[in-house]
Amino acid sequence: MADLLIKNGFVYDPLNGVNGEKMDIAISKGKIVDKLDGKRKKIIDASGMVVMPGGVDIHSHIAGPKVNAGRLLRPEDHFKDVEAKTEKTRSGVGRSIPSTFTTGYRYARMGYTTVMEPAMPPLMARHVHEELNDTPMIDKAAYPMLGDCWFVLEPLAKGLIEQCAAYVAWTMEATRGYAMKLVNPGGLEAWGFGRNVRNIDDPVPYFNITPREIIQGLCKVNQLLHLPHTIHVHTNNLGKPGNYETCLETMKCVENQGNDGKPVIHVTHCQFSAFKGSDWRTFESGAEEIAKYVNTRSHVTTDMGQVVFTDTTTMTADGPFQYILYQLSHNKWINNDVEAETSAGIVPFKYKRSSFVHALQWSIGLELALMIEDPWKIYMTTDHPNAAPFIFYPKIISWLMSRVAREKLLKKVNKRAGHKSLLGTLDREYSFSELAIATRAGQARALGLKEKGHLGVGADADIAIYNVNPEQVDPSKQFRLVRKAFKNAAYTIKDGEIVVKDGEIVKSVEGKTFWVKPELTNPIFEASPRLKKAFEDYYTVQYENYIVPEHHLAVSHPITVKAEV
Ligand SMILES: [Zn+2]
C-alpha cells in the first residue's frame with residue numbers, strides 16, 4: 001500500500017481543534033502519520049475542497065433478521081432501485097432496505113466509513129454478523145438488545161447488579177457485541193403478553209421490576225464493565241403523543257449516575273420521543289423542553305432520527321409500537337417475538353408533507369438539532385430506515401446548514417403543522433465544523449472509538465473529501481452545492497486506500513467488526529454454569545450453539561476493557 005499525502009485541503013477535525021485550516025494530511029500503512037519521508041507516495045490535490053474524518057453513523061439498521069424480513073416484505077422497495085454490477089462492485093437492490101453490498105457502497109459514496117447496527121437480538125447474532133461480513137467498505141459493530149432479556153431482568157429485580165454485569169459481559173463476548181441497547185425497556189417483555197408498559201414506573205408483568213430500575217441498573221452495569229459507549233436507549237412510549245415527558249424522565253433517572261461530567265446515557269432517535277399533546281389532534285413539538293434539559297446537563301447524548309418526506313420501511317424491536325403503526329397505516333405488518341430476549345415489528349410507511357403529524361415530526365428533528373446548543377450532544381441520523389433511508393443525509397445536511405433550505409420546505413408542508421413549527425424562529429445554521437461534529441467526531445467520541453472521527457496522528461486513515469470550497473461557497477445560500485458535494489464524495493479513503501473517487505467505487509474493501517471483550521476481575525462471576533442451566537430451561541437453542549465464534553467474523557477487531565467486577 002503506497003503512502004498517501006492529501007495536500008492543501010480545508011481540514012475540519014474538531015477533536016483536534018482544527019477548523020477549516022489549509023493543511024496536509026499524511027498517511028502511511030492505513031494510519032495518519034505526522035509526515036512522510038519516503039519518495040514513493042501518492043498525492044491527492046484537495047485544493048478548494050473540504051477534508052473531514054470519514055463519516056460515523058451511531059444508529060442505522062443495516063443488518064440482521066429484522067432487516068432481512070423487511071427486504072422480504074417489500075419487493076416494491078427493490079424494483080425501481082437496482083444497482084448494476086460494475087468491474088469493482090457487485091449488483092444489489094433496495095431503496096429503504098438495500099442489500100448488504102449496496103449498503104456498503106452507498107455509505108462509502110457519501111464519505112462514511114463506520115456504521116453501527118443498533119439492534120441485535122443476541123439469539124440472532126450469528127445472522128447479524130453474517131450480513132455485516134457481507135457489507136463491504138465500512139467498519140461496523142452491533143448492539144445486543146438487553147433491556148428485556150430475562151437473564152438481565154431476573155438479577156436486576158433482585159438487586160444483583162454484579163451478577164447482571166457478569167451476564168452482560170458474557171453476552172458481549174458471546175454475541176461479539178459492542179454496546180448495550182435498551183428498546184422500550186420492559187415493554188417488549190410485556191408485549192409477549194399483548195401488553196406494554198405505560199411509563200417508566202409501570203411494573204413489567206411477572207418480573208417485579210420497572211423500566212426505571214432496568215435503565216438505572218444497566219447504566220450501573222455499563223459503568224462497572226467500562227464499556228466504551230454508554231447505554232443506548234430507545235425510550236418507553238416512543239411514537240406516542242405526550243411522550244416527551246417519558247423521555248425527560250428517562251434522562252433524569254440516571255442524572256445522578258454521571259461521573260466527571262461524562263455522558264452515561266444515549267437517547268436515540270430523539271425526534272420520536274419528543275411529542276407533546278394528549279392525542280394526534282393536539283399533537284405538538286416537545287423539542288423545546290427536551291433541548292432545555294439537555295442544554296443544562298452533561299450526562300446525555302442524543303441523535304436526531306430525522307424524518308424526510310418519502311416512502312420508507314419502519315422496523316424496530318419495539319413490537320407494541322409497530323402494532324400501533326400498523327393500526328394507523330393499515331399497511332402490511334410483521335410481528336416477531338424472539339424467545340426470552342426481545343420482539344420486533346416491521347411496517348412500510350410513507351411520510352407525507354400534507355400530513356399534520358408527519359410534517360411536525362420533520363420539524364421536531366430539526367428543532368432538536370438546532371435548539372440543542374452543543375453539537376457534541378446531538379448527532380445526525382434518520383434511524384435508518386425508520387424516519388428515512390440514510391441516502392437522504394445530504395438533504396438533511398442542507399437543512400442544518402441553511403435556514404433558506406428549511407424555510408422553502410416549511411412553506412410547502414401541512415399549513416397547521418407549519419404554524420406550529422418552531423423552525424421559523426430558529427436562525428441557527430451549522431458551520432462545517434459543527435457538521436463534522438454531528439456526522440463523525442461527536443459520534444466517534446460517544447462510541448469511545450478512539451481511532452475514529454479525527455485526523456490526529458495514530459487515527460485510522462478513514463477520510464472523506466468533499467468538492468465544496470468553504471471560502472467561495474456560502475452554505476446558507478448555496479445549499480444545493482453543499483448537498484451535491486456531500487452526496488458524492490470527491491474521495492473516500494478507507495484505511496489509507498482510495499475506495500471512492502468522484503462518487504464512484506474504485507476499490508472494494510472489507511471493513512472490520514468491532515466488539516467488546518470485558519475482562520472480569522473476579523472469576524466467581526463467570527456465568528456459564530448458571531447460564532447453561534438457564535438455556536436448558538428456556539431456550540430452543542443449546543448454549544454451545546448460541547455463542548458466535550470469533551472466526552465467524554470476516555475481520556474481527558476486539559476491544560478489551562477491564563471491568564470492576
Ligand atoms: Zn433504531
Side-chain angles (χ1 to χ4, degrees), residues 56-71 96-98 103 107 114-121 124 128 131-132 140-148 177-185 187-188 191 229-240 243 246-247 250 265-275 301-308 312-325 334 336 338 341-349 351 361 364-365 368 378-393 396 443 446-447:
V56 178
D57 198 334
I58 198 167
H59 190 112
S60 174
H61 300 268
I62 55 168
K66 165 167 51 62
V67 176
N68 215 27
R71 292 185 186 116
S96 67
I97 330 160
T103 298
Y107 264 113
T114 304
V115 180
M116 311 309 261
E117 160 55 52
M120 171 166 74
M124 309 293 176
V128 173
E131 288 202 5
L132 290 180
K140 48 245 163 176
Y143 310 157
M145 278 186 286
L146 291 160
D148 288 83
Y178 189 83
M180 269 195 267
K181 176 74 179 298
L182 288 70
V183 177
N184 183 4
L188 309 190
W191 180 237
H229 185 31
T230 60
I231 50 170
H232 193 100
V233 182
H234 158 139
T235 63
N236 299 108
N237 285 327
L238 182 131
K240 289 186 198 160
N243 69 6
T246 313
C247 180
T250 304
I265 186 169
H266 181 82
V267 172
T268 192
H269 37 68
C270 200
Q271 173 270 129
F272 287 113
S273 301
F275 297 176
T301 57
T302 60
D303 62 89
M304 291 165 73
Q306 177 61 37
V307 161
V308 179
T312 192
T313 311
T314 65
M315 51 176 65
T316 155
D318 198 340
F321 165 66
Q322 289 294 69
Y323 178 59
I324 295 171
L325 212 53
I334 289 178
N336 184 29
V338 182
E341 292 187 346
T342 179
S343 63
I346 307 167
V347 179
F349 203 80
Y351 292 100
Q361 280 188 272
I364 291 170
L368 285 166
I378 181 157
Y379 317 124
M380 191 184 81
T381 63
T382 57
D383 185 19
H384 163 82
N386 284 298
F390 66 79
I391 45 174
F392 286 100
Y393 285 171
I396 300 171
Q443 316 215 16
L447 288 164

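Worth saying up front: this structure is predicted, and the values here are computed from it rather than measured. Read the numbers this way: they start at 1 and go in the same order the structure lists the ligands and their atoms.
Metal site remark for the Zn ion (ligand 1): H384 contributes no N, O or S atom at a distance under 2.8 Å. Backbone or side-chain N, O or S atoms of H234 do not reach the Zn ion (ligand 1) at under 2.8 Å.
Donor-acceptor pairing under 3.5 Å is lacking for the side chains of T250 and T235. Remark: the N243 side chain and the S273 side chain contain no N/O donor-acceptor pair separated by less than 3.5 Å. For the residue pair N386 / H269, no side-chain donor-acceptor distance below 3.5 Å is found, with atom types taken as modelled.
Here H59 contributes NE2 and H61 contributes NE2, and at the Zn ion (ligand 1) these two atoms make an angle of 110°, given to 10°.
When distances from the Zn ion (ligand 1) to the N, O or S atoms of D383 are compared, OD1 comes out shortest.
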>> Run the ring-ring contact (aromatic ring centres under 6.0 Å, His included) test on H59 and H266 for me, step by step, so that the C-alpha distance in whole Å, both residues' side-chain angles and the decisive distance to 0.1 Å come before the verdict.
In response: CA-CA 11 Å; H59 190 112; H266 181 82; 7.7 Å; no

